[in-house]
There are 2 protein chains.
Amino acid sequence: MFDFYLMEKRQRALTLPRAAQTKRRTRIQLEKEEVILEAALEVFANHGFRGATIDQIAEQAGMSKPNLLYYFPTKEAIHRLLIDQILDTWLDPLREIDETGEPLVEIKSYIRRKLEMARDYPRESRLFANEILQGAPRIQDELNDLKNLVDEKAKVFKKWMDQGRMRKIDPYHMIFSIWSTTQHYADFDVQVQAVLGKKANGDGRFEDAARYLDQLFVHGLKAD
Amino acid sequence: MFDFYLMEKRQRALTLPRAAQTKRRTRIQLEKEEVILEAALEVFANHGFRGATIDQIAEQAGMSKPNLLYYFPTKEAIHRLLIDQILDTWLDPLREIDETGEPLVEIKSYIRRKLEMARDYPRESRLFANEILQGAPRIQDELNDLKNLVDEKAKVFKKWMDQGRMRKIDPYHMIFSIWSTTQHYADFDVQVQAVLGKKANGDGRFEDAARYLDQLFVHGLKAD
DNA sequence: TGTAATCTTTACCAAGCGGTCAAATTTTTT
DNA sequence: AAAAAATTTGACCGCTTGGTAAAGATTACA
């Protein structure tokens, strides 16, 4: 999952943290790196990259700032690693869309999975949203991989449309609409809860959202 | 449009900028305040509140930092004013939905207006998104007004549904889906353009989006 | 158990930050 | 044109921030 030597190869780790100069990964390193990433996720998601401070992350992780910097060379290195992990798992549901399946069933379960991710991993979604919102300065390469995957799946949708198995619409914008409607419940949760008021109790809003999105997309996309 | 005395009443201007101590608003004040707000919009939209510095805003506005602080007491005061202005114009399209109109026509034109705003005022959208994403720490009051407006319009949709003039769905989540799909083109523009590649030339993506969203929502929401 | 490797802490630094102050300059008013 | 009011500037302050250095404490291994 995590490997400094890998990261070093990838780029930019001009300064190596001292923990990486060790002969091999120790038990403590594995544990602390995990703790730090979890803490950083919390802090980055709530304050953005610039708004987050190493001190905050260190406190959340229950250690001192220099101690944290023993494991990661810079604040940016932590952020970068998180983004990479997130983007990867974030795209899993899209990868799983099965060309040989039934179009509307596949799309419905894609939406359901995306909504579950928004419910279960809101911090990851917000961290990513933060990055895109500010022009994605640190993830140009990753956006390229993203494009390739979307291109591939857009072809699948196009084929289904040509076969008359779903409405002829723009597959790219269809994907955008699925991303935006589902991630909205993670990224804009404060607003959603403020608007729903008491109606937002527990995870009820996610069940309501699932029902609504199902109706919207099934009727919106099914062949006439 | 802008009034320090109003802002002062509202709250927090503990320190008044010296420009506010003037006997009346001068020509120069009106001009410079405008320039500063425009510059601040640009900088806040691209870097978020914490990521933006007064120096950056001042440079964008073509003046020195102390000079800028002659017109506004704090960085937060500028931000607050922008947010208030934005939220107000942002909700105009929703206010304009006409209870006496034809449901699908009203909803279609609401979507079109929202999409036009995403196209024409992307910085405003991103500034607002930034604020919500980070828990809306500075706009609790405004979220309340928002809730009231949405409640009111939800009732209208409900009435239309009871009259059998549109599909029975959850009106709140319908509004969320319109917000998210349209604002996506402003907030996540970097990602949209990266995915569309060459296909994203000019404003073509907005026209494609308009066509797609029209199909999605019309078929998704029309009575069977 | 002793020693080498690893981990943690204390003290620190330089740069960046939001914001102030008083003096100098420009604009408006008389 | 002089006086008053308003605007601009440069120098500065205290705090926060990302990150470092070196010594001390702990752990792993022979």
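To find a chain, count down the sequence lines: A is the first, B the second, and so on, and within it residues start at 1.
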Original post:
With respect to the phosphate group of D:dT7, does any side-chain polar atom (N or O) of B:Asn67 fall under 4.0 Å of OP1 or OP2?
Top reply: no

**OP:** Would you please confirm or rule out a distance under 4.0 Å between OP1 or OP2 of D:dG19 and any side-chain N or O of A:Tyr70?
**Re:** no

**OP:** Spell out, as yes or no, whether a donor-acceptor pair under 3.5 Å connects the side chain of A:Asp203 to the backbone of A:Phe206.
**Re:** no

Subject >> Whole-Å gap separating P (C:dT6) and CG (A:Leu30) >> reply: 14 Å

Subject >> Among D:dT27, D:dT8, D:dA6, the one nearest B:Thr22 by side-chain distance >> reply: D:dA6

Original post:
Starting at CD of A:Glu31 and ending at C1' of C:dT8, how long is that distance when rounded to a whole Å?
Top reply: 15 Å

Original post:
D:dT9 C1' sits how many Å from B:Leu68 CG, rounded?
Top reply: 14 Å

Original post:
Would you call A:Asp187 and A:Arg126 a salt bridge, using N to O less than 4.0 angstrom?
Top reply: no

Subject >> ring-ring contact (aromatic ring centres under 6.0 Å, His included) between A:His173 and B:Tyr185, worked out >> reply: CA-CA 10 Å; A:His173 291 276; B:Tyr185 292 95; 5.5 Å; yes

**OP:** Grab the CZ-C1' distance between A:Arg25 and C:dC7 for me, whole Å please.
**Re:** 15 Å

Original post:
A:Tyr172 and A:Asp151: side-chain donor and acceptor closer than 3.5 Å?
Top reply: yes

**OP:** Answer with base, sugar-phosphate or nothing: what part of the nucleic acid does A:Lys65 contact at a heavy-atom distance below 4.0 Å?
**Re:** base

Original post:
Looking at residues 53-63 of chain B, who's got a heavy atom less than 4.0 Å off DNA chain C?
Top reply: B:Thr53, B:Ile54

**OP:** Show your reasoning for whether ring-ring contact (aromatic ring centres under 6.0 Å, His included) applies to A:His79 and A:Phe72.
**Re:** CA-CA 10 Å; A:His79 188 262; A:Phe72 290 87; over 10 Å; no

Original post:
Out of C:dC7, D:dA6, D:dT9, which nucleotide sits closest to the side chain of B:Pro66?
Top reply: D:dT9

Subject >> Whole-Å distance separating the CD1 atom of A:Ile28 from the P atom of D:dT27 >> reply: 7 Å

**OP:** Check whether any side-chain N or O of A:Gln29 sits under 4.0 Å from OP1 or OP2 of C:dC7, and answer yes or no.
**Re:** yes

Subject >> For atom CZ of B:Phe72 and atom P of C:dG19, their distance in whole Å >> reply: 13 Å

Original post:
With sequence neighbours left out, what residues match B:Arg205 under salt bridge (charged side-chain N to carboxylate O under 4.0 Å, His left out)?
Top reply: B:Asp189

Original post:
Given C:dT28, is OP1 or OP2 found less than 4.0 Å from the side-chain N or O atoms of B:Arg27?
Top reply: yes

Original post:
Does A:Arg50 have a side-chain nitrogen or oxygen under 4.0 Å from the phosphate oxygens OP1 or OP2 of C:dC17?
Top reply: yes

Original post:
Can you tell me how far C1' of D:dT7 sits from CG of B:Leu69, to the nearest Å?
Top reply: 14 Å

**OP:** Select base, sugar-phosphate, or nothing to describe what A:Ser64 touches, counting heavy atoms under 4.0 Å on all strands.
**Re:** base

Subject >> Spacing of A:Lys32 atom NZ relative to D:dT26 atom P, expressed in whole Å >> reply: 13 Å

Original post:
Quick one: does A:Asp88's side chain have a donor or acceptor within less than 3.5 Å of a partner on A:Asp84's backbone?
Top reply: no

